[in-house]
Amino acid sequence: MPTTAPSPGTPGEGPASRPGDAPSAGGLADVTASDSALRRFLHGLPGVDAVGLEARAAALGTRSIKTTAKAYAIDLAISMIDLTTLEGADTPGKVRALAAKAVHPDPTDRTTPMTAAVCVYPDMAATAKAALNGADVKVASVATAFPAGRAALPVKLADVRDAVAAGADEIDMVIDRGAFLSGRYLSVYEEIQAVRAECVRPGGTAARLKVIFETGELSTYDNIRRASWIGMMAGADFIKTSTGKVAVNATPANTLLMLEAVRDFRAQTGIQVGVKPAGGIRSTKDAIKFLVLVNETAGADWLDSHWFRFGASSLLNDLLMQRQKLSTGRYSGPDYVTVD
Amino acid sequence: MALSSAFEYAPAPESRSVVDIAPSYGLFIDGEFTEAADGKVFKTVSPSTEEVLSEVARAGTADVDRAVQAARKAFTKWSALPGSERAKYLFRIARIIQERSRELAVLETLDNGKPIKETRDTDLPLVAAHFFYYAGWADKLDHAGFGANPRPLGVAGQVIPWNFPLLMLAWKIAPALATGNTVVLKPAETTPLSALFFADICRQAGLPKGVVNILPGYGDAGAALVEHPDVNKVAFTGSTAVGKAIARSVAGTEKKVTLELGGKGANIVFDDAPVDQAVEGIVTGIFFNQGQVCCAGSRLLVQESVQEEVVDALKRRLATLRLGDPLDKNTDIGAINSAEQLARIQKLADTGEAEGAERWSPACELPTSGYWFAPTVFTGVTQAHTVARDEIFGPVLSVLSFRTPDEAVAKANNTQYGLSAGIWTEKGSRILAVANKLRAGVVWANTFNKLDPTSPFGGYKESGYGREGGRHGLEAYLAPSSPEGKR
């Protein structure tokens with residue numbers, strides 16, 4: 001999309017071989033050669049008109065999803081949830097309960113899909129992995145001094161290493177917002193690459209990397225687009241809005257913007273990157289609005305838990321209650337779903 | 001997990017039961033519904049299904065005369081009311097419109113063919129807003145900038161088109177009543193129903209008899225109204241051809257006239273535009289109301305360096321437009337208003353193809369009954385092509401390119417029209433510089449087709465004269481008092 005962008009990369013480096021090799025990801029090596037080259041590239045990306053972006057997100061929010069489409073959307077949304085507990089008070093018992101819920105979200109209805117993952121702090125990754133007992137639910141672990149990201153790089157990398165060693169399938173890292181806001185884009189880029197390298201396991205496989213921008217702290221939509229491109233060029237498997245720990249987390253507008261970014265990135269490089277809005281998505285109605293954004297912006301290729309996730313904890317129960325309502329015709333209430 | 005089906009939206013139709021359409025309607029004259037003097041009627045159909053919705057009395061010359069006399073009689077009392085009293089009626093009408101907005105939105109969609117999404121989210125809120133806005137002016141006319149104690153003109157003869165039936169009615173009636181004029185309004189022959197429901201709202205609001213008269217009918221009734229010697233003010237929105245005829249017929253009379261006519265709006269996309277939002281603006285510019293909008297951005301002028309990128313993004317976006325049942329809440333593109341209009345669009349699109357422009361439409365299944373036209377984009381268009389010059393009044397976009405801002409301005413202004421234009425750029429200084437050079441009544445920056453009662457609307461050149469909306473909209477209905485107190 002950007003007029004200053006170099007030509008698409010070699011087709012050989014498709015999505016499957018998403019490299020730990022990334023300076024050349026998608027043939028964008030030139031733009032990451034120096035801080036100034038990267039700045040020129042990022043500032044050459046098309047601007048974002050905030051009014052127009054928010055209007056588009058709001059317009060898509062008025063799509064009316066009913067009957068079969070709603071049933072499909074609810075199951076899809078459940079399958080996309082990263083069931084999350086990120087509290088200082090987390091205990092092994094709490095994490096085991098969460099894992100059990102991820103595998104059987106609704107014990108009364110075994111046709112309910114599993115969630116995509118459970119998302120925990122690194123010290124709980126092993127507990128989660130053991131509790132899942134081989135079920136097809138991923139363990140995602142936030143690392144890199146989550147949520148503030150204010151630690152020295154070696155500390156952050158050790159954090160990631162720990163989580164991967166404990167069995168995490170996915171790493172959710174936070175970017176250095178301080179570096180980003182002071183214009184040190186290359187430093188952000190290099191840090192993501194360094195984290196990516198730590199995701200590689202001894203056997204050569206790698207944990208999937210989700211890069212969290214904390215969009216609420218980036219302040220402008222232009223910044224969110226630039227951060228998205230830094231993340232994607234540095235080798236992110238997912239770009240993620242936020243930690244859920246600040247005032248403004250995922251919104252329809254910032255998610256729409258990131259969906260445009262992954263769509264454009266794939267058009268230019270052939271590499272598909274996932275999107276994960278996190279924080280503040282609590283109701284079925286909201287979740288469906290996000291699925292509409294995916295469907296009409298990035299397209300149906302992203303309507304899969306491999307490419308789109310909800311970072312949420314309270315969303316699941318609302319989805320389950322709506323699901324029960326669709327199957328029974330009655331709205332049951334919060335005591336008909338498990339508290340965790 | 002059986003998650004293999006695609007995310008196809010199930011039908012989400014708005015209920016028709018909220019609106020009760022009678023099998024027949026009369027003319028609304030002097031506060032009563034009445035048959036036409038010669039007993040003539042016509043049918044109004046739903047453009048999406050060709051279903052006959054109702055049979056409506058067809059006004060003739062004698063009915064026009066009756067209505068104008070009723071308005072003349074009502075004028076004496078209505079114009080003598082304090083502004084604050086007139087405001088009360090207008091506020092009441094505005095509130096009733098809000099209360100009945102769902103009913104009116106469904107009605108308008110049935111009669112016009114436009115998507116419920118637009119009648120519900122755009123038309124009806126704006127209709128109510130116009131009445132609220134002009135209600136606010138009614139007791140402040142001394143401060144509107146048209147001299148102290150400005151006076152109403154008398155009887156306003158108003159003729160409106162079928163593309164925004166109720167909104168155009170609001171644009172015409174609200175300022176006329178606020179300023180103390182009385183009204184005879186002729187809605188278009190394909191969309192008379194919402195105006196007749198409005199007549200009912202006038203009764204519900206207790207509006208004095210004769211202040212508003214509604215005469216459904218054809219062009220002959222419109223002509224009779226415009227030419228009626230006892231009409232003091234003519235307001236017309238519609239085609240340039242009819243506008244010219246009206247201008248001729250009132251020339252030499254003392255009638256005041258405003259004309260809102262055709263357009264061929266240029267939507268200018270510079271290379272630093274916010275591309276995704278520009279694409280949305282292009283879509284809103286030309287596919288809103290199936291392109292049946294006088295201020296539509298029907299000419300896309302895109303900077304050559306980003307032309308391919310913008311056109312690709314536009315085509316990708318058009319593939320997600322949903323065409324079909326206008327009552328479905330997910331429908332983006334509804335039906336063309338009439339068979340006649342559909343034929344006109346088809347003819348002009350065929351001309352574009354014959355003249356060598358490249359025609360493209362997204363894969364799009366058209367319903368078998370009703371009047372439908374797929375969203376269409378012409379690329380490789382030059383200023384010499386018919387599709388770049390003639391107003392098509394349908395979902396047809398012509399794409400032209402330019403290299404410099406001066407060239408963009410020159411091409412944008414190279415039209416017999418001058419109603420609207422759009423500028424897409426992230427550079428504020430360029431917005432101001434270009435906007436100042438565009439000969440268009442409305443210039444939108446990084447948006448398109450946004451309307452608001454506080455903002456004046458009108459054109460240059462063959463797009464007509466006079467302004468509607470805003471403070472300026474009052475001027476067309478006011479005569480300044482002379483120092484001696486005479487009009």
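We name chains A, B, ... by the order of the sequence lines, and we start the count at 1 in each one.
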Distance col, row Phe7(B):CZ vs Thr68(A):OG1, nearest 0.5 angstrom, shows 10.0 Å
Separation between CZ (Arg63(A)) and CG (Asp332(B)), nearest 0.5 Å, reads 4.0 Å
Smallest heavy-atom separation, Asn330(B) atom then Thr62(A) atom, equals OD1-O, 4.3 Å
Which portion of Leu53(A) sits near chain B, non-hydrogen atoms under 4.5 angstrom: both
Ala69(A) and Glu8(B) have their tightest heavy-atom pair at CB-O, 3.2 Å
Cut-off 4.5 Å, heavy atoms of chain A, and the answer for Thr320(B) is both
Can you tell me how far apart NZ (Lys117(B)) and OG (Ser64(A)) are? Round to the nearest 0.5 Å. 12.0 Å
Can you tell me which of Gly281(B), Ala273(B), Pro274(B) forms the most heavy-atom pairs within a distance under 4.5 Å of chain A? Pro274(B)
Under 6.0 Å from the CD atom of Glu308(B), do we count more than 12 heavy atoms belonging to anything else shown? no
Asp276(B) side chain near Arg263(A) side chain, heavy-atom distance below 4.5 Å: yes
Please classify the contact of Arg225(A) with chain B as side chain, backbone, both or neither, using a heavy-atom distance under 4.5 Å. side chain
How about residues 291-301 of chain A versus chain B: which residues have heavy atoms under 4.5 Å apart? Leu291(A), Val292(A), Asn295(A), Glu296(A)
Is a donor on one side and an acceptor on the other found under 3.5 Å between the side chain of Gln277(B) and the backbone of Asp49(A)? yes
Under the side chain to side chain donor-acceptor pair (under 3.5 Å) test, which residues partner Asp222(A), sequence neighbours left out? none
